[in-house]
Amino acid sequence: MTDDRRTLATSAVRLAPRLLGAVVTSEVGGQTVAIRLTEVEAYEGAADPASHAFRGPTTRTAVMFGPPGHLYCYFSYGMHWCANVVCGVDGTAAAVLLRAGRVIDGLDAARARRPAARRDVDLARGPARLAGCLALGSATNGVDLLDDSSQVRLTGVRSRRLTGVVAGPRVGISVATQAPWRFWLAGDPTVSSFKAGGRRRRGAGPAD
DNA sequence: AGGACGATTAACT
DNA sequence: GTTAATCGTCCTC
């Protein structure tokens, strides 16, 4: 295992704050787009009821159980794709959701992929928006982010977290809502606005 | 075989 | 502030 991959063979909570400031570069579709990460969330697999991997491996989550340094993409709400960096040692299912970032290369291609974005800081402000900018989806699920020949690569993972990294509750989940496993760069305009986790339950109103 | 529910976003009022 | 869009996945018959 390379040194780079070894640095990812750690828990999601330990890795997540060190991904802030790192760069994801996509060459999908022959267009280069690079994003500097400003917001992430840690998901710890078997120990974390909010993780897709909590109930054990399935077809969808197989990549999460593999070696670190690969990309886990999943389809959400019937419309969107979101992307994670798989971490932890081979056989565990930890991963870090890429929630937001700043486009630092390929601005024109990113704008073309996200016509709804009014400002450039909105292009990758949110996990599905970020995946849209980089054209991540089913075709990129499982790619090795540490292989120079991959269409999607991760560079610049820090050995120590940057100053200005803050932590708080994760977004959009209905269990384990209190764990402060969302990390972002304080004051950065590309970070998504906070929304409390725990959506309203349908068809489960008060019984009386 | 059927149904509930999303690690969301954009467009409304 | 609210809500529609839209479908794969997983759980329960």
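So you know, we letter chains A, B, ... as the sequences are listed, proteins then strands, and number each from 1. Keep in mind it's a predicted model, so treat the numbers as computed, not measured.
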S.K.: Quick check for you: among B/dT8, B/dA7, C/dC7, whose closest atom lies nearest to any side-chain atom of A/Y74?
M.R.: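 Nearest listed nucleotide: B/dA7.
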S.K.: Whole angstroms only, please: what is the CG-C1' distance between A/L71 and B/dA7?
M.R.: 14 Å
S.K.: Verify the contact: side-chain N or O of A/R125 to OP1 or OP2 of B/dT9, cut-off strictly under 4.0 Å; return yes or no.
M.R.: no
S.K.: Give the nucleotide from the list B/dA7, B/dG6, C/dT6 with an atom nearest to the side chain of A/S174.
M.R.: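 The closest nucleotide is B/dG6.
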S.K.: Between A/R129 and B/dA10, does any side-chain N or O lie under 4.0 Å from OP1 or OP2?
M.R.: yes
S.K.: Do A/V28 and A/L145 sit in one hydrophobic cluster, given that two such residues count as connected whenever their side-chain heavy atoms are within less than 4.5 Å of each other, even indirectly?
M.R.: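 In one cluster with A/V28: A/L145, yes.
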S.K.: Under 4.0 Å between a side-chain N/O of A/R55 and OP1 or OP2 of C/dC11, yes or no?
M.R.: yes
S.K.: Rounded to whole angstroms, how far apart are CG on A/L130 and C1' on B/dT9?
M.R.: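 After rounding, the reported distance stands at 14 Å.
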S.K.: Rounded to the nearest Å, what distance is computed from the NE2 atom of residue A/H80 to the P atom of nucleotide B/dC5?
M.R.: 19 Å
S.K.: Do A/L97 and A/L136 sit in one hydrophobic cluster, given that two such residues count as connected whenever their side-chain heavy atoms are within less than 4.5 Å of each other, even indirectly?
M.R.: no
S.K.: Grouping I, L, V, M, F, W and Y whenever their side-chain heavy atoms are under 4.5 Å apart, do A/L162 and A/V24 come out in a common cluster?
M.R.: yes
S.K.: Between atom CZ in A/R170 and atom P in B/dT8, what is the gap in whole Å?
M.R.: 11 Å
S.K.: Quick one: do A/S192 and A/E39 satisfy side chain to side chain donor-acceptor pair (under 3.5 Å)? Show the steps, please.
M.R.: CA-CA 8 Å; A/S192 62; A/E39 181 188 359; 2.8 Å; yes
S.K.: So if I take every side-chain heavy atom of A/P127 and compare against B/dA7, B/dT9, C/dC7, which nucleotide ends up nearest?
M.R.: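 Between B/dA7, B/dT9, C/dC7, the one nearest the side chain of A/P127 would be B/dT9.
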S.K.: Return the value, rounded to whole Å, for the distance between atom CZ of A/F54 and atom P of C/dC10.
M.R.: 14 Å
S.K.: Which ranges of DNA chain B pair up as stems, where a stem means three or more consecutive Watson-Crick or G-U pairs with both distances under 3.5 Å?
M.R.: B:1-6 with C:7-12, B:8-12 with C:1-5
S.K.: What pair of heavy atoms forms the shortest contact from A/I104 to A/I35, and how long is it?
M.R.: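 Looking at all heavy atoms of both residues, the shortest contact is CG1-N, 4.3 Å.
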S.K.: From CZ of A/F75 over to C1' of B/dA7, roughly how many Å is that when rounded to an integer?
M.R.: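 Distance, rounded to whole Å: 14 Å.
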S.K.: So what does A/A128 touch, heavy atoms closer than 4.0 Å: a base, only the sugar-phosphate, or nothing?
M.R.: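 Contact class for A/A128: sugar-phosphate only.
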S.K.: Can A/E41 and A/R170 be counted as an ion pair, charged N to O under 4.0 angstrom?
M.R.: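 Salt bridge between A/E41 and A/R170, a charged N being under 4.0 Å from a carboxylate O: no.
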S.K.: Whole angstrom is fine here: how far is it from NE2 in A/H52 over to P in B/dC5?
M.R.: 15 Å
S.K.: Do A/R153 and A/D144 sit within salt-bridge range, that is, some charged N less than 4.0 Å from a carboxylate O?
M.R.: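 No, no charged N to carboxylate O under 4.0 Å.
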S.K.: Taking the side chain of A/S51 as heavy atoms from C-beta outward, which of B/dT9, B/dA7, B/dT8 is closest to it?
M.R.: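 The answer is B/dA7.
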S.K.: If you look only at distance, which donor and acceptor atoms sit under 3.5 Å apart when one is on a side chain in residues 68-75 of chain A and the other is two or more places apart or in another chain?
M.R.:
from, atom 1, to, atom 2, distance (Å)
A/H70, ND1, A/G142, O, 3.0
A/Y72, OH, A/H52, ND1, 2.8

S.K.: Determine if A/Y43 stacks with B/dA7; use a centre-to-centre distance below 5.5 Å and an interplanar angle below 30° as the criteria.
M.R.: yes
S.K.: Looking at every strand, decide which applies to A/T58 at a 4.0 Å heavy-atom threshold: base, sugar-phosphate, or nothing.
M.R.: sugar-phosphate
S.K.: Taking the side chain of A/Y77 as heavy atoms from C-beta outward, which of B/dA10, C/dT9, B/dT8 is closest to it?
M.R.: B/dT8
S.K.: Taking atom P of C/dC10 as reference, at what distance in whole Å does atom CE of A/M64 sit?
M.R.: 12 Å
